[in-house]
Protein chains: 2
Amino acid sequence: MDDEYNIDNFIEKFSKNCDNVQKKYFKKNQVITTYIQKRNQICILLQGEADLVRYDFNGLKSIIEHYAQNDVFGEAFYTVTVNNELSVEAKKNCEVLFFSYDNLYNECKEHCDFHKILMNDFSKIMVEKMKLVNTRIEILTKRTTREKILGYFDILSTRKFSKSFEIPFSLTDLADYLSVDRSAMMREIKYLKDEGIIEKDGNKFTILTD
Amino acid sequence: MDDEYNIDNFIEKFSKNCDNVQKKYFKKNQVITTYIQKRNQICILLQGEADLVRYDFNGLKSIIEHYAQNDVFGEAFYTVTVNNELSVEAKKNCEVLFFSYDNLYNECKEHCDFHKILMNDFSKIMVEKMKLVNTRIEILTKRTTREKILGYFDILSTRKFSKSFEIPFSLTDLADYLSVDRSAMMREIKYLKDEGIIEKDGNKFTILTD
DNA sequence: ATATGTCAGTTGCAAATGCAACAATATTAT
DNA sequence: ATAATATTGTTGCATTTGCAACTGACATAT
């Protein structure tokens with residue numbers, strides 16, 4: 001991760017108030033935004049944690065993405081269709097920056113430096129985000145629950161440079177993230193434990209194979 | 001799609017040769033690039049069709065993405081790991097533009113206009129690409145083969161503004177793209193036909209429900 | 001302190017899925 | 001024209017998965 005772009009500097013520069021940017025606060029479980037209108041909205045999560053979730057016609061929930069500090073999301077990255085109910089839900093108290101992609105290439109009234117910086121930094125942020133999204137696809141294209149679990153664990157392990165790591169959300173949410181049934185996932189985790197492939201202690205897992 | 005950024009103008013500007021950009025030609029079935037080294041490579045498919053494929057340890061193939069004219073891909077968008085063998089394979093004869101993301105924000109020796117244009121346009125391209133990738137995630141997070149098929153068909157239908165459409169690859173490849181077993185997919189397609197939900201004529205499908 | 005709600009962990013059962021194998025057709029190469 | 005190759009279509013069978021339902025543990029609110 002050491003060669004990744006650090007968004008912190010970018011956020012720092014936001015502090016000079018730009019008239020096209022809004023900062024809002026959300027309490028845990030509040031809905032931050034819903035992807036229903038085409039308004040090219042882009043958001044940056046300054047503080048807290050949130051999930052992008054979809055509810056299908058059965059009310060079945062899928063966690064599409066999980067956001068932590070400095071993650072970027074927004075309806076601008078989605079083709080909004082009728083059949084999808086996408087929304088971003090705060091999992092903790094959140095501080096969120098909103099702006100429109102439409103304004104990205106227009107200078108604001110104050111002629112602030114913000115847009116120049118934004119244009120320069122935006123594509124770097126995008127490349128980083130693309131990596132995350134592609135990682136997610138890697139996991140989802142695995143055919144079995146077992147492979148999805150191990151695929152995700154491998155990524156967490158690689159990120160931490162350690163065979164032991166914690167999952168960044170509850171097991172219930174992990175099932176949603178891997179897009180599998182929770183009980184089926186629990187069963188598979190049990191099998192993996194029984195076969196000596198992993199160890200589990202609450203939300204902390206250890207990969208035992210070389 | 002009418003509000004989408006049109007890459008054609010961008011490609012047009014490439015014609016002024018920039019020393020950091022290479023154009024290469026590939027025959028059908030040739031490997032365009034393999035994601036094994038960290039070199040921040042970005043590619044634009046000027047002509048032809050190609051697939052980003054993964055072969056897992058069993059040799060099982062998954063089509064991660066399908067590229068048509070003007071699509072953008074490259075190892076820069078992936079976190080290269082040991083356990084993944086990713087490569088881009090030409091499905092037809094291809095003409096591909098290669099450049100490195102590292103050079104994106106440095107002027108080239110010739111001080112050509114290319115980089116300025118690239119910087120300005122790149123984030124727009126990225127937003128479009130992000131939409132495609134997120135669409136893919138939408139499909140993959142569906143729990144059943146039926147939902148994946150219908151989800152994908154719905155997208156194709158929406159893109160064409162028509163209940164009838166052709167899939168852009170073979171049924172074999174479609175199964176890989178949806179990340180399901182081919183025979184299971186064929187069976188499900190048969191059920192969908194039997195239930196009067198879809199009609200099939202070769203690679204052309206029609207959605208019969210309102 | 002007690003109630004309420006969320007999360008982890010299990011299990012039986014039915015349904016969906018993957019696997020293997022094969023035949024029929026279509027496409028491509030020689 | 002013919003052979004070789006790829007694709008489509010199908011089926012039986014074993015395995016995996018999802019669903020529903022329930023218990024116990026834990027946390028939070030009143």
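Using a 4.0 Å heavy-atom criterion, one finds that B:Asn203 contacts the sugar-phosphate atoms exclusively. A:Lys148 comes within 4.0 angstrom of no nucleic acid atom, judged by non-hydrogen atoms across all strands. Among the protein residues, A:Lys193 comes within range of no part of the nucleic acid, since none of its heavy atoms lies under 4.0 Å from any strand.
The CD-P distance, from B:Glu166 to D:dT8, rounds to 12 Å in whole Å. Between the P atom of D:dT7 and the NZ atom of B:Lys91 lies a distance of 7 Å, rounded to the nearest Å. When rounded to the nearest whole Å, the span between OH of B:Tyr191 and P of C:dA15 equals 12 Å. The interatomic distance linking A:Ile189 (CD1) with C:dG9 (P) rounds to 8 Å, in whole Å. Atom NZ of A:Lys142 and atom P of D:dT17 are 14 Å apart (whole Å). Nucleotide C:dT25 holds its C1' atom 15 Å from the CG atom of B:Asp201, rounded to whole Å. In this structure, B:Asp173 places its CG atom 15 Å from P of C:dT27, rounding to the nearest Å. As rounded to whole Å, 12 Å separates atom C1' of C:dC19 from atom CZ of A:Arg143.
Side-chain atoms of A:Thr34 and A:Ser87 include no donor-acceptor pair closer than 3.5 Å. Counting only N and O atoms by type, the side chains of A:Thr144 and A:Glu147 include a donor and acceptor under 3.5 Å apart. Using modelled atom types and a 3.5 Å distance limit, the side chains of A:Ser164 and A:Thr206 yield a donor-acceptor pair. Side chains of B:Glu75 and B:Thr33: no donor on one and acceptor on the other come within 3.5 Å.
Phosphate proximity of D:dT11 to B:Lys190: present, with a side-chain N or O under 4.0 Å from OP1 or OP2. Dashed line: the shortest gap from a side-chain N or O of B:Lys200 to OP1 or OP2 of D:dT8 is not under 4.0 Å.
Nearest to the side chain of A:Thr145, among C:dG18, C:dT11, D:dT17, sits D:dT17.
Residues meeting the salt bridge (charged side-chain N to carboxylate O under 4.0 Å, His left out) test with A:Lys92, sequence neighbours left out: A:Glu49.
For the pair B:Lys204 and B:Phe165, the cation does not sit on the ring face, since its NZ or CZ is not both under 6.0 Å from the ring centre and inside 45° of the axis. For A:Lys23 and A:Phe98, the positive end is not near the middle of the six-membered ring at less than 6.0 Å and at most 45° from its axis.
Under the 30°/60° scheme for interplanar angles, the aromatic rings of A:Phe73 and A:Tyr67 are found to lie parallel.
Between A:Ser170 and B:Lys28, the residue whose closest nucleotide on DNA chain C is further toward the 5' end is A:Ser170. Nucleotides of DNA chain D nearest to A:Thr144 and B:Leu171 differ in position, and the one nearer the 5' end is that of B:Leu171.
Heavy atoms from other residues, nucleotides or ligands lying under 6.0 Å from NZ of A:Lys200 number more than 12.
If you check residues 178-188 of chain B against DNA chain D, the residues with a heavy atom closer than 4.0 Å are B:Arg182, B:Ser183, B:Met186, B:Arg187, listed by number.
Checked against the 6.0 Å centroid threshold, B:His66 and B:Tyr177 do not count as a close aromatic pair.
Rounded to 10 degrees, the angle separating the terminal helix axes of the helix from C:dA1-D:dT30 to C:dT30-D:dA1, each built from five base pairs, is 60°.
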